[in-house]
Amino acid sequence: MASSSFVEIERFHLIPLLSVTCPCHRPLLSKNSLILNRKKLNFDLLLNGSKTAVPVHAKRATAKRWLITSVARAEADSVDEDSGKEEVEKDHISPAKEDSVSQLQQKASQLKKRIIFGLGIGISAGGIVLAGGWVFTVALAVVVFVGAREYFELVRSRGITAGMTPPPRYVSRVCSVICAFMPVLTLYFGQIDIPVTFAAFAVAMALLLQRGNPRFSQLSSTIFGLFYCGYLPCFWVKLRCGLAAPALNTRIGTTWPVLLGGQAHWTVGLVATLISMSSIIAADTYAFIGGKAFGRTLLTRISPKKTWEGTIIGLGGCIATSVVLSKFFCWPTSLLSAIALGFLNFFGSIFGDLTESMIKRDAGVKDSGSLIPGHGGILDRSDSYIFTGALAYSFVKTFLPLYGV
């Protein structure tokens with residue numbers, strides 16, 4: 001027992017020595033296998049770390065040395081395999097870490113672009129709204145034309161055309177031009193009902209008389225495009241340029257330069273447009289921040305990123321912005337009217353956003369276009385404003401006595 005050795009063979013497979021006639025024939029063994037001849041080799045086995053050893057005496061010292069050498073080599077091989085596995089795992093982990101870092105850098109760069117271009121768009125839009133008149137109308141016409149082109153490209157995308165027949169390309173282009181002229185006609189005539197009806201009739205006749213087999217999906221998608229991209233944005237022209245009653249209580253008008261129009265420049269339409277657009281921006285911002293921080297409950301399957309928590313926070317931010325600006329501009333004079341205007345702005349904003357999300361989902365795309373870096377297309381940035389202009393104009397025109405002055 002004194003001369004016996006203790007060998008830990010927990011990780012090795014013990015294979016008895018096979019009795020063969022020819023010494024050149026040997027069984028195929030793995031690296032972690034030991035050959036034991038119970039007739040010649042006796043040694044102490046330590047199984048699973050147990051303190052109780054099984055004594056086996058060796059008759060030959062050479063056999064014992066050979067056994068110890070084999071165990072040492074097998075141990076070295078196992079260490080090499082372990083180190084190799086660790087290196088392989090490191091090789092697998094390293095690209096994952098690099099991908100995560102690159103994704104974070106990409107998100108940071110995209111957020112930076114989003115903020116820069118968002119501020120540029122906001123400042124430019126503010127100047128255009130202050131200018132009013134033909135400057136505001138022509139700028140809106142350009143936005144409407146680009147938005148209409150994006151809409152009809154979505155209608156012609158593979159995701160939508162898989163289940164319907166899109167309108168011909170020449171009809172889409174003609175409709176985009178018609179939509180662009182609608183704001184101009186609204187400013188010139190004051191009303192757009194007759195031109196829109198005539199345009200819808202002409203487009204419908206062109207579709208019905210085309211060669212081939214006309215489809216209802218062509219007619220429905222085209223008429224909705226005229227309504228969605230052309231008719232609804234015209235209410236912003238009615239709101240900004242049509243409500244020319246002076247906002248007499250607005251303090252900023254008293255200090256407004258005469259070269260820029262003086263106090264008469266500050267009309268109910270200008271104040272209502274600034275409040276509505278600012279409320280929409282606040283609604284989108286608060287909803288985004290609230291959804292990131294507290295969003296848990298999905299609002300609708302149309303837009304997976306929208307939650308009830310973010311929607312409620314966005315509603316609060318929209319109403320608060322409307323109330324604060326109403327106090328600053330002293331319009332509308334009633335607190336209840338300011339709250340109602342903020343609620344309508346938020347309702348129109350989220351409804352327009354969900355409508356565009358539904359169109360993009362059916363089209364199978366993430367953005368309506370790539371015109372604005374970090375923001376997508378024109379429809380992606382203006383979808384919240386499409387229905388809001390009509391709601392704000394109807395509220396001020398119909399429900400506010402004396403236009404809220």
Side-chain angles (χ1 to χ4, degrees), residues 119-148 176-196 199 226 229-281 322 325-326 328-332 341 345 348 378 381-382 384-398 400 402-405:
L119 291 175
I121 293 173
I123 295 173
S124 301
I128 292 172
V129 171
L130 286 175
W134 284 102
V135 176
F136 178 81
T137 304
V138 172
L140 181 62
V142 173
V143 172
V144 167
F145 176 76
V146 179
S176 300
V177 175
I178 293 175
C179 290
F181 274 102
M182 287 185 184
V184 178
L185 295 176
T186 303
L187 180 65
Y188 187 79
F189 292 106
Q191 297 293 334
I192 196 65
D193 300 336
I194 295 177
V196 168
L226 292 175
C229 300
Y231 178 72
L232 288 177
C234 291
F235 281 95
W236 284 107
V237 177
K238 289 186 174 184
L239 181 66
R240 171 62 184 91
C241 306
L243 300 179
L248 300 176
N249 298 326
T250 303
R251 299 174 183 176
I252 192 174
T254 58
T255 59
W256 192 252
V258 178
L259 295 176
L260 298 179
Q263 187 174 3
H265 182 76
W266 286 86
T267 61
V268 171
L270 173 58
V271 175
T273 303
L274 290 175
I275 292 178
S276 296
M277 289 189 172
S278 300
S279 299
I280 295 171
I281 295 174
S322 179
L325 291 179
S326 68
F328 176 77
F329 290 116
C330 298
W331 185 95
L341 181 60
N345 288 330
I378 288 293
R381 291 301 91 205
S382 61
S384 300
Y385 300 85
I386 293 178
F387 291 95
T388 313
L391 294 176
Y393 175 79
S394 301
F395 177 74
V396 176
K397 183 76 173 179
T398 306
L400 288 184
L402 299 176
Y403 297 157
V405 179

Side chain to side chain contact (heavy atoms under 4.5 Å, CB included) assessment of Trp236 paired with Thr273: CA-CA 8 Å; Trp236 284 107; Thr273 303; 4.1 Å; yes
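When side chains are defined from C-beta on, Phe181 does not count as touching Val144, because their heavy atoms never get closer than 4.5 Å. Within the 4.5 Å cutoff, the side chain of Leu226 has no heavy atoms near those of the Tyr231 side chain.
One finds the CE atom of Met277 at 12.5 Å from the CD1 atom of Ile275 (value rounded to the nearest 0.5 Å). Once rounded to the nearest 0.5 Å, the distance linking CD1 of Ile128 with CD1 of Ile121 reads 10.5 Å. Interatomic distance, Leu325 CG to Cys330 SG, rounded to the nearest 0.5 Å: 11.5 Å. Here the CG atom belonging to Leu239 is positioned 13.0 Å from the SG atom belonging to Cys234, to the nearest 0.5 angstrom. Between atom CD of residue Gln191 and atom CG of residue Leu185 there is a gap of 12.0 Å, rounded to the nearest 0.5 Å. Rounding to the nearest 0.5 Å gives a distance of 11.0 Å between CG of Asn345 and OG of Ser384.
Residue pairs satisfying the side chain to side chain donor-acceptor pair (under 3.5 Å) criterion with at least one member in residues 386-398, sequence neighbours excluded, are listed as follows: Lys397-Tyr403.
Heavy atoms only, all atoms of each residue included: Leu391 and Gly348 are closest at CD1-CA, 3.7 Å. Closest approach of Ala244 to Thr267, counting heavy atoms only: O-CG2, 3.6 Å. Across every non-hydrogen atom of Cys241 and Gly133, the tightest pair is SG-N, 3.7 Å. Looking at every heavy atom in both residues, Pro183 comes nearest to Thr137 through O-CG2, 3.4 Å. Listed here is the closest heavy atom pair of Pro332 and Ser326: CD-CB, 3.9 Å. For the residue pair Trp331 and Ala272, the shortest heavy atom distance occurs at CH2-CB, 3.7 Å.
In terms of the side-chain contact (heavy atoms from CB on, under 4.5 Å) criterion, residue partners of Thr250 (sequence neighbours excluded) are, by chain and number, Ala247, Ile252, Trp266, Val271, Phe329.
Under a 3.5 Å cut-off, the side chain of His265 and the backbone N or O of Pro257 do not form any donor-acceptor pair.
Other residues, nucleotides and ligands contribute at most 12 non-hydrogen atoms within 6.0 Å of the CD1 atom of Ile194.
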